[in-house]
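So you know, we letter chains A, B, ... as the sequences are listed, proteins then strands, and number each from 1.
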Amino acid sequence: MTGGAALSRPEPARTGGSAAGAAGAAHVRVRGLTRVYPGAGGRPPLKALGPLDLDLAPGEFFSVVGPSGCGKSTLLDVLAGLSAASAGSVSFEGRAVTGQVPDGVGVVFQEDSSFPWLSVFDNAAFGLRRLKTPEAEVRARVAEALGLIGLSGFADAFPAQLSGGMRQRVCIARTLVMRPRLILLDEPFGALDQQTKLLMGDELLRLWRETGATILLITHSLDEAALLSDRIGVMSARPGRFIDLIETGWDRERDSRIAADPGFGAITARIWSQLREESLKAMRAAP
Amino acid sequence: MLTGPVETLTYLGGLLADHEFQLGVWETARAFGLALAIAWGSGLVIGLLLGAHRLTGEVAEPILTALYSVPKITLYPVILLFFGLGLSARVAFGAIHGVVPVALFTMAAVRGVPPVYFRTARSLRLGPVATARHILLPACLPGIVSGLRIGFSLTLLGVLIGEMFASQRGLGHMVIRAMETNDVRLLIALALFLVAVATGAGALLLALDRHVGRRGAGPR
């Protein structure tokens, strides 16, 4: 069985026929993306997002920060194929993303989405079993994923017996076993306390290094974005557009201790200087 | 004069071997089985439909609740007009007791499934059938089992009341007859038998309810 071989390497990318699929091209390419929600009950349509452009390099850790309601989660939904763009295009590995989550994309949501009726092991195995993966391979891949996220000792536990942070890790494991080449995370640590959040961030960095996957993280935490990312996209108030793209320049081998680095303060300060006015706008616009 | 526990038990022992009593039990069991099948089946279907379609559910919920609070015994003459004196009237009367709580619990269970489960299903590229089987069903199961449990008790109540007031057969009819003939021994023995059966079945369903409530009992 080859199951245990390499969770640490994502399955090789399928190269698309177009030039966009060639080596060195963007892993994810977004062009002119706009999302408009149709007005209900006589209200005018709501422009939630864009137009925005984005290129993610393979293996990049990219974070999106922005004021509440700026369309961060909408962006993730469209990138994942969970909702359609009103205009513009999204492609993953050279193939257009339309209305369906592409193979090779994993999503972790903000809310706890672990299934309470399944054990930790069965939760993690859920996606593989739906694909009728041979049981020996399921066991190997799940064991490896649980090891990666530090839940090996809890395989038989049920979500109700775990803390919020552990349940969120179960959801990450369920995504990891599918060996995604692009992982989209929608404020996955939003509900956790600050210390757990920092430690989970370290875990995420380790996973990112070991899997080699491209990560897009939606967050409202300036610190989280500054600590974790290679690049940070700062979004404007609704309709969300990128108003700044910040290269952090961090080493690939990093963890939350870089919070002590003077560069960390400089990055958060730069994000906030961009974000302050936008957050005020969002606050004033809030009903 | 009330009979004592020992005398009641002894009498019940004899009663269990009695042919007429056995016939009564069979009549009640048959009516109850049919009524329960209808109450559970239609309650589940109604609940699933109302749960799946939010607007219909929101419109139907207060109507169902209002219907449910009508004392069903007042509808019994109408049911007798429709079904006549016989098995079908008892079945119908039992079923109308059980169907509404099963429907309400099922609807609440379906509505209560966190939307993120369905987003997770889509992110794992599950089709509608796989989503229903592997996510919707196990997620709803604890609520549905609670509804089935309540439906069980209320359907039994309905069938027995139906037998008491307009029937020539069944345990309910035996109770009324014992009351009319002032046969206290029979009355107490019947009451004991019904209490034992109802609490036994209730305890089993409660155990199942707790089991799926704690873990859910979805397929692997």
- Message: For P102(A), which atoms come within 4.5 Å of any heavy atom of chain B: side chain, backbone, both, or neither?
- Response: backbone

- Message: Can you tell me how far apart CE (M178(A)) and CG (L124(B)) are? Round to the nearest 0.5 Å.
- Response: 5.5 Å

- Item | Residue part contacting chain A, namely of A121(B), when any heavy atom lies under 4.5 Å | neither

- Item | T120(B) side chain near F115(A) side chain, heavy-atom distance below 4.5 Å | yes

- In terms of heavy-atom proximity below 4.5 Å to chain B, should S114(A) be classed as side chain, backbone, both, or neither? backbone

- Query: Looking only at heavy atoms, which two atoms of D112(A) and Y117(B) are closest? And how far apart?
  - Reply: O-CE1, 4.3 Å

- Report, as yes or no, whether the 6.0 Å neighbourhood of atom CZ on F154(A) holds more than 12 heavy atoms from other residues, nucleotides or ligands. no

- Message: Between V108(A) and chain B, with a heavy-atom cut-off of 4.5 Å, which part of the residue counts as in contact: side chain, backbone, both or neither?
- Response: neither

- Check: Q110(A) and V116(B) side chains under 4.5 Å, non-hydrogen atoms: no

- Query: Hey, are the side chains of R125(B) and D103(A) touching, using non-hydrogen atoms and a 4.5 Å cut-off?
  - Reply: yes

- Applying a strict 4.5 Å limit to non-hydrogen atoms, the region of R122(B) in contact with chain A is both

- Locate the shortest heavy-atom distance separating L82(A) from S123(B); write the atom from each residue and the value. CD2-N, 4.2 Å

- Item | Shortest non-hydrogen contact between I135(B) and W117(A), atoms and distance | O-CH2, 3.6 Å

- Query: If you round to the nearest 0.5 Å, how far is CG of D186(A) from CZ of R119(B)?
  - Reply: 7.0 Å

